[in-house]
Amino acid sequence: MRARPITPERAVEEVCGRIAGAPREVWRRVAVDGPPAAEPWVLADALVGPLRAAGRDVVRVSARDFLRPASLRFEFGREDPDVYYDQWLDVGGLVREVLGPLEPGGSGKVLPSLWDSELDRATRARYTAVQPGGVVLLDGALLLGRGLPLDMVVHLTLSPGALARRTPDEDAWTLPAFARYEREVEPLRAADVVLKMDDPRHPALVESV
């Protein structure tokens, strides 16, 4: 694989073009996957305007709004990287409320958020109808390898050194989870688009050779 330097603006254009180029009569479920240090929500937010300008309805969803209750996440302590990897995300809720309804023949009605992890209670959000040809943009970490029904995944990758430098000290305990993700899932091969984000001001598009 090789990394082709591009500007942040060009990265948005590249990803937007691939999403908008899909048939207009079908829904698209797109994930921007990456560790918090790569700020996947920034790219997901940046895609909203261009996609709407291209005539696509867009609904933004964050995996952090589909975490399991604290009693389950912290059952074995607050800093267990394996529990963070395996048990923090409410995969069933995310599929049931967001991704499943956009299957062919689905209702098209999605729940933008389910659980407020800071308050540790349901968000009481209302369902949103995704128009035909619309896009759900999901951002989050460790999304691949879970069987999520996604139509496209953009993975933001960091070198181990950059990941360690850009991860706050209080979150350093999560680093083994991301090392495990690289070993077990190989997101650089599993994702549809890979952007190297060691320096977010100078991303690079990772291409197969």
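Heavy-atom basis, side chains included; hydrogens, waters and symmetry copies ignored. None of the values given here were measured: they were computed from a predicted structure.
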Parallel under 30°, tilted from 30 to 60°, perpendicular over 60°: which one fits the rings of Phe178 and Tyr84? perpendicular
Cation-pi check for Trp41 against Arg64: NZ or CZ below 6.0 Å from the six-membered ring centre and within 45 degrees of the axis, yes or no? yes
Please round to the nearest 0.5 Å and tell me the distance separating atom CG of Asp139 and atom OG of Ser62. 3.5 Å
Calculate, to the nearest 0.5 Å, the distance between atoms CZ and CG belonging to Arg73 and Asp80 respectively. 13.5 Å
Can you measure from CG (Leu143) to CG (Leu148) and round to the nearest 0.5 angstrom? 6.5 Å
To the nearest 0.5 Å, how far apart are CG in Asp82 and CD in Gln87? 9.5 Å
Between Leu102 and Val110, is any pair of side-chain heavy atoms under 4.5 Å apart? yes
Can you find a pair of side-chain heavy atoms, one from Leu114 and one from Asp90, that are under 4.5 Å apart? yes
May I ask you to check whether over 12 heavy atoms, not counting those of Arg146, lie within 6.0 Å of atom CZ? yes
To the nearest 0.5 Å, what is the distance between CE on Met152 and CG on Leu150? 11.0 Å
CG/Asp57 to OG1/Thr128 distance, rounded to the nearest 0.5 angstrom? 9.0 Å
May I ask you to test the Pro149-Glu103 pair for a side-chain heavy-atom distance under 4.5 Å? yes
Answer yes or no: is there an ion pair linking Asp192 with Arg18, defined by an N-O contact shorter than 4.0 Å? no
When you check the side-chain N and O atoms of Asp198 and Ser159, is any donor under 3.5 Å from an acceptor? yes
Report the residue from Phe76, Trp115, Phe74, Phe66 that forms a ring pair (Phe, Tyr, Trp, His ring centres under 6.0 Å) with Trp88. Phe74
Salt-bridge criterion met for Asp151 and Arg29 (N-O under 4.0 Å): yes
More than 12 heavy atoms of other residues, nucleotides or ligands under 6.0 Å from CD of Glu118: yes or no? no
Does either side chain, that of Tyr127 or that of Glu97, offer a donor lying less than 3.5 Å from an acceptor on the other one? yes
Please determine whether a side-chain nitrogen of the Lys or Arg among Arg166 and Glu39 lies less than 4.0 Å from a carboxylate oxygen of the Asp or Glu. no
Who pairs with Glu184 by side chain to side chain donor-acceptor pair (under 3.5 Å), at least two apart in sequence or on another chain? Arg180
